[in-house]
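Take a look at the structure below.
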Amino acid sequence: AKEEERKKNKVKRKKDPTDALIRIGTPLPKNGTCSHYKHSKRWMRFPCCGKAFPCDVCHDKQNLDGHEMKMATRMICGFCSREQHFSQKPCVACGKSMTGDNRSKFWEGGEGCRNKSKMSNKD
């Protein structure tokens, strides 16, 4: 009897339509990128609505009920669709970087990209 009462009182949450696109082991559409952030290969799950979007701008554009956005606390890898805690680290499942490789070849803390063995002594 108590179990039936609990089921009746349980509030049903609308299913997120983007969850149909998220299948663990398969990449997200466009590897998680959007028109606003082309190098971010992840989607973020926003706690304000429980839905996943590629970025905060996409969230605001599709925010039909006008709720206030809260910063994302979870992210979904664009390569393997694994949901994990929000961080700047590579994916815990596939190990790929979701924020793009921002390292420049021309200046790496003084090392640079010059091959010293091929350089002339006159330089």
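Counting only heavy atoms from C-beta outward, the side chains of Tyr37 and Thr99 never approach each other to under 4.5 Å. The side-chain heavy atoms of Arg74 and Pro47, taken from C-beta on, include no pair separated by under 4.5 Å.
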Might you work through the side chain to side chain contact (heavy atoms under 4.5 Å, CB included) test for Glu83 and Arg45, ending with a clear yes or no? CA-CA 9 Å; Glu83 189 164 338; Arg45 189 168 300 278; 3.1 Å; yes
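The shortest heavy-atom contact between Phe46 and Met69 is CE2-SD, 3.8 Å. Heavy-atom minimum distance, Cys94 versus Cys91: N-SG, 3.5 Å. For Cys58 against His36, the heavy-atom pair with the smallest separation is SG-ND1, 3.4 Å. For the pair Cys77 and Gln84, the tightest heavy-atom approach, listed with the atom from each and the gap, is CB-NE2, 3.9 Å. Looking at every heavy atom in both residues, Trp43 comes nearest to Ala52 through CE3-CB, 4.2 Å. Minimum heavy-atom separation, Lys89 to Met75: O-CE, 4.3 Å.
In terms of hydrophobic clustering, with Ile, Leu, Val, Met, Phe, Trp and Tyr side chains grouped at heavy-atom distances under 4.5 Å, Phe53 and Met71 are assigned to a common cluster.
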Contacts under 3.5 angstrom, residues 23-35 side chains, donor-acceptor by atom type, not counting sequence neighbours:
| residue | atom | partner | partner atom | Å |
| --- | --- | --- | --- | --- |
| Thr26 | OG1 | Arg23 | O | 2.6 |
| Thr33 | OG1 | Lys30 | O | 2.9 |

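One finds the OG atom of Ser87 at 6.0 Å from the CE atom of Met98 (value rounded to the nearest 0.5 Å). In this structure, Lys41 NZ and Cys80 SG are separated by 14.0 Å, a value rounded to the nearest 0.5 Å.
When each of Lys70, Lys51, His67 is checked for a side-chain hydrogen bond (donor to acceptor under 3.5 Å, both in side chains) with His59, only His67 meets the rule.
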